[in-house]
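What follows is a set of notes on a single structure, which appears directly below.
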Amino acid sequence: MAIGSDQDIVAARQRGRAYAAGLGFSVMDTTLIATAISELARNIVSYAGQGQITFERVTNGNREGIQIVASDEGPGIPDIRQALRDGFSTSGSLGLGLPGVRRLMDEFDVTSQPGKGTTVAVRKWRQ
Amino acid sequence: METIKEPMVEYGVAKFVLPGQEESGDHHLVRCNQNGVLVAAIDGIGHGEEAAEVARVAAEILQKGLDEPIISLVEQCHEKLRGTRGVVLSLASIDSAHGMMTWLGVGNVQGVLVRADRSKGNVKEGLLLRAGVVGSRLPSLQASVLPMTPGDTLFFVTDGIHSGFTETLTALENPQRAANRILDHYRSGNDDALALVVRLTGITHSLKVITRRKGQPQAGVEDEYRSSLKEYTASGGEPELRKAYELGRQALTERKGLVEMAYLHHHAVLELVRGNSAGKSTEQMLEACAEFLAECLSPYEMASRGFQDVVKALRQLNETLEEEIKRIANSVHDEAGQLLVAVYLALAEMGQDLAEPQQKQIARIKEMLNQVEKHLRRYSHELRPTILDDLGWIPAVRFLAEGISKRAELPIHIEATIPGRLPGAVETALYRVVQEALTNAVKHANAKNLWIRAWKEQLSLCCSIRDDGKGFDPGEVHAAIHGKGLGLIAMRERVSAIGGTLRIESRPGQGSEFCIRVPLEDDHANSDYARR
């Protein structure tokens, strides 16, 4: 889904929530998933202006889960370790931002190249 | 800091003052004028009070002439600052009515305009700077004019920020966040630095950032919550849920606590239920309210998990520190000790063939080496007495008392009936306190006997060190600047740190007693389960 404006963020939340519910996630989990989508979409609009978010069903043995990938071609993150460290930015010091998303999800991965763009991939497994 | 909104622009500024200075020599200015806005970044030459002063003078001149042409303003500054160190500055006059910006820069304050709409021109425009100093060496002045439309963003940075900052500029980043980021990432650290980010408002696509106008009361989150909650219960959809999440995020940023949020929610729900004229089912309404609340608190969930992580990390850090101390103590003892032995042997070999005077000198050096070895051993032992770790505090105390008793020819009677081990920190603290009390007694008390007792009393561990010496006045000693006074304070600290209390009873001529009481957790108090 393309992310470039407020409406896009709302649409992504809605789609993500519905998708997760369809996969059998609990109400609380779907709330956390919608929150993670919001945080990731926020970053896209804030730093890159536009990007996209995709949802996918993933399996691992007999586990089922959702994979969310947020990517953009924006300025990129100059220092990933710093960005993942709580306390670096205002949102980080409160536990929000990328570190916050990492704690809501089960798996987290970020790749970024200054000038080329950023991709954040997260997974949450259904309990 | 929040992004500040003047009617025509929103801007953010981030400043860095060189440590040791009271003030920054860098100043900024963003003021509305007849046609739009005047923006300036001023860098006083040098550091500290003088630089701040000249920058202030320049800022005042600009303030007084907001509608004058910028070339004229620079000339006025130059005249006023003659004879001073001067400033470098960059100025921009934004004419929002005509969609234009006029800018110029004297010196090295960098300026970049980043456009929001690529179709209107180059995405990035750089300010062409003219070398010189306002107040000292004014170059021939020439301003340039470019189109500037809503969304376009102007960046001014002083030379405490290196020019790499231009790589990551966008016209979409929140101005205050951008200013902070530029300062954090690109600041050189050896100069005052200032980053000023000014955006012409009327942005076409943006995040609806909920900003606060300067000076207004903080009613924002509450009112927004109420109206959004109402909307959600009425025609509930994802937009309102997203609003809830943004509100929660904002509340967290504003340091609103969870309890405050609980009451906020309660009042909003109350208002809804009371005003429920549409006759909606209360149950349905309450369910919707709960969904809204959950979304609003999800940022708090992230924060809370972060807190737990931090606590875990702290605990791990403490353990690592203890390991490090052990390692250092061992290195000091073993490695340094071995080196000393090697030196000793080398000296011995050298000394064999020397004449009498040199032999004496070698003997003196050997003696010094002995002293070094003694000190090393003592330091490493003080860092971490191994018997304390391996056998526990009571055996360590017995061993210590044995040594002291022999050296001071003083009988020390020990009565300790505590089975099992205690947490490392508690044992270490107890050992250190007893050690201090014993040392004191030997040094000052002139005692004939010393008694050490340790026993359990319900949920506490008690330990008493008593002597029949000459006693002291605890009040007087506490007031002493060195010697015993400090030792007593240190003892109390150690005992407090493990949650215990220390009672000192003494009177001149009547001996003294130190009594420690430490609360124990259940499984220490009631069993002899050895725990580490």
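Chain letters run A, B, ... following the sequence lines, proteins first and then strands; every chain starts at 1.
- Chain B is approached within less than 4.5 Å, heavy atom to heavy atom, by A:M28, A:T31, A:L32, A:A34, A:T35 from residues 22-36 of chain A, ordered by number.
- Inspection of non-hydrogen atoms places no residue of residues 52-70 of chain A under 4.5 Å from chain B.
- For the side-chain contact (heavy atoms from CB on, under 4.5 Å) test, residues two or more places apart in sequence or in another chain that qualify with B:V269 are B:L229, B:H265, B:V273, B:L286, B:C289.
- Counting heavy atoms of neighbouring residues, nucleotides and ligands inside a 6.0 Å radius, atom NZ of B:K15 exceeds 12 of them.
- Once rounded to the nearest 0.5 Å, the distance linking CG of B:N174 with OG of A:S46 reads 6.5 Å.
- In this structure, the side chains of A:R42 and B:R249 come closer than 4.5 Å at one or more pairs of heavy atoms.
- Atom OH of residue A:Y47 and atom CZ of residue B:R181 lie 7.0 Å apart, to the nearest 0.5 angstrom.
- The minimum heavy-atom distance between B:R242 and A:V10, with the atom names listed, is CD-CG2, 3.6 Å.
- Atom NZ of B:K124 is surrounded by more than 12 heavy atoms from other residues, nucleotides or ligands within 6.0 Å.
- Within a 6.0 Å radius of CD in A:E107, more than 12 heavy atoms belonging to other residues, nucleotides or ligands are found.
- With a threshold of 4.5 angstrom between heavy atoms, B:T168 approaches chain A through its backbone and through its side chain.
- The choice from A:A11, A:P114, A:A48, A:P75 that makes the most heavy-atom pairs within less than 4.5 Å of chain B is A:P75.
- For B:L241, the parts lying near chain A are the backbone and the side chain together; criterion is any non-hydrogen pair under 4.5 Å.
- Within residues 12-20 of chain A, the residues approaching chain B closer than 4.5 Å by heavy atoms are, in numerical order, A:R13, A:Q14, A:R17.
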Step-by-step side-chain contact (heavy atoms from CB on, under 4.5 Å) determination, B:L252 to A:L96: CA-CA 9 Å; B:L252 192 57; A:L96 305 173; 3.7 Å; yes
